[in-house]
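Just so it is clear: chains get the letters A, B, ... in the order the sequence lines come, proteins before strands, and each one is counted from 1.
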2 protein chains.
Amino acid sequence: MSQSGLVATADGQAVMGEVMDSTPASATPAKKPRIRDAEATKARILDAAKKEFAKNGLGGARVDVIAEKARANKRMIYHYFESKEGLFQTVLENAYVDIRTAELKLNLDHLEPREALERLVRFTWEYYQKNPEFITLVNSENLHRAKHLKKSEVIKVYSRKFVSMVTTILERGVSTGVFRQGIDPVQLNITIAAIGYYYLTNRFTGSIVFERDLMAKEALEERLRFNIDTILRLVSV
Amino acid sequence: MSQSGLVATADGQAVMGEVMDSTPASATPAKKPRIRDAEATKARILDAAKKEFAKNGLGGARVDVIAEKARANKRMIYHYFESKEGLFQTVLENAYVDIRTAELKLNLDHLEPREALERLVRFTWEYYQKNPEFITLVNSENLHRAKHLKKSEVIKVYSRKFVSMVTTILERGVSTGVFRQGIDPVQLNITIAAIGYYYLTNRFTGSIVFERDLMAKEALEERLRFNIDTILRLVSV
DNA sequence: TAAAAAAGTAACTAGTTAGTGCGTTAAGTG
DNA sequence: CACTTAACGCACTAACTAGTTACTTTTTTA
């Protein structure tokens with residue numbers, strides 16, 4: 001039994017990526033493979049939960065399904081996250097931290113302002129595509145009037161950094177003379193997100209309404225070009 | 001449906017105990033107040049369902065709640081709409097028909113192209129605000145990969161008319177020389193919807209992330225101005 | 001007016017669902 | 001090695017949920 005347990009844990013880590021290095025700093029030279037690994041179990045639950053919540057929303061998600069997909073006992077979910085909503089809150093918080101972290105890593109400050117803005121539009125577009133759960137989680141959270149995000153304190157810190165990033169780009173563009181004055185960074189931020197987010201979140205109804213496969217490769221490329229164009233025209237003098 | 005039927009049912013609910021006009025055998029050919037009114041019951045169910053689906057999504061909505069709010073027996077829902085999903089499909093279809101109908105009534109063809117576009121942006125913005133259920137229903141439908149809308153035939157007819165409306169505006173603008181050439185009407189349509197839709201559907205998380213009440217009167221007015229500006233800059237030569 | 005058709009109701013079912021009580025077993029510690 | 005702590009699992013429940021059965025009442029029709 002102990003061996004099968006070990007295999008199971010190894011599998012779990014393989015699925016979610018490299019987690020093995022997150023072993024607590026123990027001075028034990030011989031690293032015994034842990035059959036019981038709280039961090040790994042937690043991580044598997046969070047990963048399974050993210051997918052299930054994204055697929056079915058908070059209301060439609062099933063705790064039993066999450067436990068099964070995480071190859072964890074349902075009891076563990078309540079042990080680590082207290083409740084279904086507690087689990088959702090953690091998943092959502094992580095999702096926000098992830099995107100904000102990735103954005104800040106872009107390091108746009110040394111780029112020419114127009115180039116910086118284009119990169120941001122491109123990044124946002126690609127991030128939404130690579131992480132479709134983000135969009136669905138945010139939608140679900142808004143359906144519940146952001147009651148979970150309201151409780152989060154970390155979010156604010158990350159958000160401020162993000163807003164100030166765009167503010168800086170705008171200011172630099174104005175002083176260089178390539179951007180016009182008086183643009184509200186928040187409105188710009190919202191617009192950059194909107195033109196990508198809406199297209200992707202409504203891709204199913206959109207493909208029907210416009211009788212066009214909005215997710216075809218060329219369609220996606222065309223949309224990105226259009227979005228970059230939209231933003232640059234918006235800020236240009 | 002008979003007009004009198006609707007009125008009579010509106011207040012003539014058996015529950016309310018309205019007995020005034022319960023003429024039994026008198027051969028009054030005119031208008032007998034109907035205590036039973038299929039159309040009115042259907043309408044009440046659809047109205048209650050729209051609200052419940054919009055509030056909780058398809059998965060979170062409760063059939064019993066819909067029945068109660070509609071002051072109808074749950075059995076009637078299954079009698080008229082077959083299933084919860086059948087009810088959702090009808091609600092969604094109606095929502096689309098409603099917005100498309102309102103859009104076509106705008107009669108933008110006789111207006112100066114720039115003015116026509118501005119009016120469309122304004123209308124879209126105001127419609128979303130006055131009919132918040134529309135946004136939530138569409139979100140819910142996209143969570144389910146548009147499986148309900150796919151079955152609808154009416155939608156296509158309305159959608160085509162809508163797209164061609166914007167196409168005409170663009171063409172007129174190009175021939176007048178106020179709009180640049182080569183703009184894809186579908187992309188423009190999506191963008192007009194996006195910049196309003198995203199702002200409103202994500203108003204709860206947005207107000208937290210940007211630490212600003214996005215639904216304050218001035219904030220809404222500012223956003224509308226920004227959106228009109230965005231679209232006009234996008235199409236201008 | 002009698003009978004058929006349609007509208008409406010109450011009570012029920014079979015299957016879920018989030019959440020728990022309590023026991024078991026592995027891992028760290030002195 | 002004994003002992004404490006933390007990870008984990010089984011089996012249960014109380015409430016809920018979409019959908020139904022079998023019946024009554026009203027309206028229409030021949």
Next item on the list: Let me know the distance between NE2 of A/His79 and C1' of C/dA18, rounded to the nearest Å.
Entry: 18 Å
Checklist line | Toward the 5' end of DNA chain D, by each residue's nearest nucleotide, B/Asp64 or A/Asn73 | finding: A/Asn73
Next item on the list: Send over the distance from B/Leu87 CG to D/dG19 P, rounded to a whole Å.
Entry: 10 Å
Checklist line | Value in whole Å for how far the C1' atom of D/dA7 lies from NZ of A/Lys42 | finding: 12 Å
Margin query: Counting the atoms with a prime plus P, OP1 and OP2 as sugar-phosphate, which does A/Phe81 contact under 4.0 Å by heavy atoms, base, sugar-phosphate, or nothing?
Written below: nothing
Item checked: Validation row: B/His144, B/Ser140 side chains within 4.5 angstrom (heavy atoms) -> yes
Note to self: On DNA chain C, compare the nucleotides closest to B/Tyr80 and A/Arg62; which residue's is nearer the 5' end?
What the structure shows: B/Tyr80
Check: How many Å lie between CD1 on B/Ile66 and P on D/dA18, as a whole number?
Finding: 8 Å
Margin query: Measuring to OP1 and OP2 of D/dA18, would you say a side-chain N or O of B/Ser83 lies under 4.0 angstrom away?
Written below: no
Next item on the list: Check each of B/Tyr128, B/Tyr127, B/Trp125 against B/Tyr197 using the ring pair (Phe, Tyr, Trp, His ring centres under 6.0 Å) test, and report the only one that passes.
Entry: B/Tyr128
Next item on the list: Report yes if some heavy atom in the side chain of B/Arg62 is under 4.5 Å from a heavy atom in the side chain of B/Lys84; otherwise report no.
Entry: yes
Margin query: Nearest to the side chain of B/Met76, heavy atoms from C-beta on, is which of C/dG8, D/dC10, D/dT20?
Written below: C/dG8
Margin query: Does B/Ala67 reach a base, just sugar-phosphate, or nothing at all? Heavy atoms under 4.0 Å.
Written below: nothing
Notebook entry, point to check: Quick one: B/Lys74 NZ to D/dA18 P, roughly how many Å, whole number?
Noted result: 7 Å
Notebook entry, point to check: To the nearest angstrom, how far is A/Ile45 atom CD1 from D/dC8 atom C1'?
Noted result: 11 Å
Checklist line | Separation of C/dG19 P from A/Arg75 CZ (nearest whole Å) | finding: 11 Å
Next item on the list: Check the distance between D/dC8's C1' and A/Arg44's CZ and give it to me in whole angstrom.
Entry: 11 Å
Margin query: Testing B/Thr205, B/Asn202, B/Leu143 one by one against A/Asn139 for a side-chain contact (heavy atoms from CB on, under 4.5 Å), which residue passes?
Written below: B/Asn202
Next item on the list: State which of D/dA18, C/dG21, D/dA6 makes the closest approach to the side chain of A/Arg36.
Entry: D/dA6
Item checked: B/Tyr96/B/Phe134 aromatic ring centres below 6.0 Å -> yes
